[in-house]
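Remember, predicted model here, so these are calculated numbers, not experimental data. Both backbone and side-chain heavy atoms feed into the values below; hydrogens, waters and symmetry mates do not.
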Amino acid sequence: MLKTADKKPLIAWRRHTKAIVLALLIPVAYLAAINRMQPLPWAIAALLTATFITGMLWPRWLVGQLSVTRTGPSRASEGDTIRFHVEVRNHGWMPRFMVELFDCLPFAGAASGSTEQSQAMQAKTTLGMIAYVPGRGMKSFDASVACEKRGFYRLGPVSLASSFPLGLSEASQERNDGVQTLTIYPSVFPITALPLNGARSQIHRGAYLLPEGAGTAEFSGLREYRRGDSPRHIHWPTTARLNELMMKEFEPLASASLCLALDMNQDANVGSGRHATFEYAVRIAASIAGFTCTSGIPTRLAGQGKTTLALAAGTGEHHYQTMLDQLAVVDADGDASYATVLDGLALDCQPGETVVVFLSESTSHAAETLQALALLRSRGANLFVVSFDRSSFAAGTARVRKPVELTAALQEFGSFQVLVGRNDDLVQLFNP
């Protein structure tokens, strides 16, 4: 795995110290040679001079005619380890030795927090070292790096550096060949089912079979019993005739539709790095979208930050990829209240549509948010509420099992609720 070059300033300081000491010794040696008028002091002074000139100029000659190309994937997911292929070419006739390669990889070390992420974006990451590059030849190697945090990153430039042979000075040059951008998508977890209701406007448009009671359905045929089927759907006449449990199968008339409404207000985001409420919300939204898009459930995105997040409803792999592209780069950088976003959704929501709400704001906004949720319910929307325990994200500790402030009011709306805390197992929470 790659490491950020944190010790490079210290090494540079030691290198400068050696160069300064040697530069001071040279005039001392010449003064001693002039005073003694003997060949040995002159030889020592000349040797020190040659050593200083060689140590200062040779590194520049080593990297002068080298080029580097870094190739690798342009897309990845959080938690993946990607591999870059690095090629160093020598355009000169003489061989080159001991060349170190550094790269600007902002996503390396970006998972811990905002301050650390800013430092990581400016730091250089060591790709590796080439001990020998033949004249007019090429050397290559592979470097692995972990994708720690979602986002769209500009990579490079790659730096070639050498202080060979004496370590008195370091010469470097920057190259910008190869992969220049990398999109890291949020990590997703599997979801097997969601408590969705039918939307009258989506009659016969969904491929997802809604659970019992989710909407109007019509009889479509018989099939064999499967584990977990409700006994109320057993077709007893056929069961008695075939001596085998046969189930009535229904086709939903009202198919589900979904809206993922992110709270992109910067004051609502609690925690740091990947362990922030907004990062959890993005991961949950991406996972829900993966389930709904592959199940034929029309799904759309909404949110208001510095840029508006407004993706129309759609299904299928292409639509899911478009959603991932947007979720990879969204940020909690807005100042619009969540109630404002929900009020806007209430104006164009479809009766029966399920709105996934992410509550992470402070209690000071509870009244206006409840009013916006009540407006959504009055327009016929169903609520799927994901509430975040702010205290666990702020303190960096496990969640304390206690109800959130809006729980009682949300129950009156008939909403389905999931309470999420720092380090909770999201797979278990969303697949009870």
Begin with the C-alpha distance, continue with both residues' side-chain angles, and end with the deciding distance and a verdict on side-chain contact (heavy atoms from CB on, under 4.5 Å) for D142 and H85.
CA-CA 5 Å; D142 290 336; H85 183 70; 2.7 Å; yes
So, for G72 and F84, which heavy atoms are closest and what is the spacing to 0.1 Å?
CA-CD2, 3.9 Å
Rounded to the nearest 0.5 Å, the CD1 atom of I26 sits from the OG1 atom of T49 at a distance of 4.5 Å
Closest heavy-atom pair and its distance - L419, D424:
O-OD2, 4.0 Å
Determine yes or no for a side-chain-to-main-chain donor-acceptor pair under 3.5 angstrom, with R283 supplying the side chain and R274 the backbone.
yes
By side-chain hydrogen bond (donor to acceptor under 3.5 Å, both in side chains), which residues pair with Y185, not counting sequence neighbours?
R75, Q321, D325
Charged N to carboxylate O below 4.0 Å: is that the case for E279 and R150?
yes
Decide yes or no on side-chain contact (heavy atoms from CB on, under 4.5 Å) for L262 and L309, but give the supporting numbers first.
CA-CA 9 Å; L262 290 174; L309 184 64; 3.8 Å; yes
May I ask you to test the D263-L359 pair for a side-chain heavy-atom distance under 4.5 Å?
no
Residues L66, Q173; criterion side-chain contact (heavy atoms from CB on, under 4.5 Å); working and verdict:
CA-CA 9 Å; L66 294 179; Q173 63 170 333; 4.2 Å; yes
Quick one: does T315's side chain get under 4.5 Å of I297's, heavy atoms only?
no
With a 4.5 Å cut-off on side-chain heavy atoms, are D425 and L429 touching?
no
Distance-only, no hydrogens or angles: does the N265 side chain make a donor-acceptor pair with backbone N or O of Y338 under 3.5 Å?
no
Just how far is it from atom SG of C349 to atom CZ of R300, taken to the nearest 0.5 Å?
7.5 Å
Side-chain contact test, heavy atoms from C-beta onward, threshold under 4.5 Å: evaluate it for F430 versus V418 and give yes or no.
yes
F164 backbone acceptor or donor facing S162 side chain under 3.5 Å
yes
Could you check whether any side-chain N or O of D333 sits under 3.5 Å from a backbone N or O of K306, counting only pairs where one atom can act as donor and the other as acceptor?
yes
Yes or no on side-chain contact (heavy atoms from CB on, under 4.5 Å) for F107 and K149, after CA distance, side-chain angles and deciding distance?
CA-CA 6 Å; F107 58 90; K149 190 174 183 295; 5.9 Å; no
Strictly by modelled atom types, are H319 and T299 linked by a side-chain donor-acceptor pair under 3.5 Å?
no
Taking C-beta and beyond as the side chain, do T126 and L101 meet within less than 4.5 Å on heavy atoms?
no
N431 (side chain) donor-acceptor with T192 (main chain) under 3.5 angstrom:
yes
Considering residues, nucleotides and ligands other than R136, do more than 12 of their heavy atoms fall under 6.0 Å from its CZ?
yes
Counting N and O atoms only, with roles assigned by atom type, does the side chain of S360 sit under 3.5 Å from a partner on the main chain of A268, one being a donor and the other an acceptor?
yes
Just one of L383, L260, L258, T292 clears the side chain to side chain contact (heavy atoms under 4.5 Å, CB included) bar with T354, so which one?
L258
Without swapping roles, check the side chain of R175 against the backbone of V68 for a donor-acceptor pair under 3.5 Å.
no
Looking only at heavy atoms, the pair that brings V145 and A108 closest together is CG2-CB, 4.0 Å
Euclidean distance, L48 CG relative to L25 CG, rounded to 0.5 Å:
6.5 Å
Tell me if the CE atom of M94 is crowded by more than 12 foreign heavy atoms within 6.0 Å.
no
Treating S415 as the side-chain partner and L410 as the backbone partner, does any N or O pair qualify as donor plus acceptor under 3.5 Å?
yes
Assess whether a salt bridge exists between E100 and K124, defined as any Lys/Arg side-chain N lying under 4.0 Å from an Asp/Glu carboxylate O.
no
Quick check: does any side chain N or O of S257 sit under 3.5 Å from a backbone N or O of P298, one acting as donor and the other as acceptor?
no
Could you check whether any side-chain heavy atom of R70 comes within less than 4.5 Å of a side-chain heavy atom of L155, counting everything from C-beta outward?
yes
Counting neighbours of CG on D335 that are heavy atoms of other residues, nucleotides or ligands and sit closer than 6.0 Å, is the number greater than 12?
no
So Q326 and M323, do their side chains get closer than 4.5 Å, heavy atoms only?
no
For P134, is there any backbone N or O sitting under 3.5 Å from a side-chain donor or acceptor partner on R96?
no
Taking the side chain as every heavy atom from C-beta outward, state whether F358 and T277 have any atom pair closer than 4.5 Å.
no
Please work out whether the ring planes of F393 and Y280 are parallel, tilted or perpendicular, with thresholds of 30° and 60°.
perpendicular
Side chains of residues 51-63: which donor-acceptor pairs under 3.5 Å do they make with residues two or more places apart or in other chains?
from, atom 1, to, atom 2, distance (Å)
T51, OG1, L47, O, 2.7
T54, OG1, A50, O, 2.7
R60, NH1, M56, O, 2.5

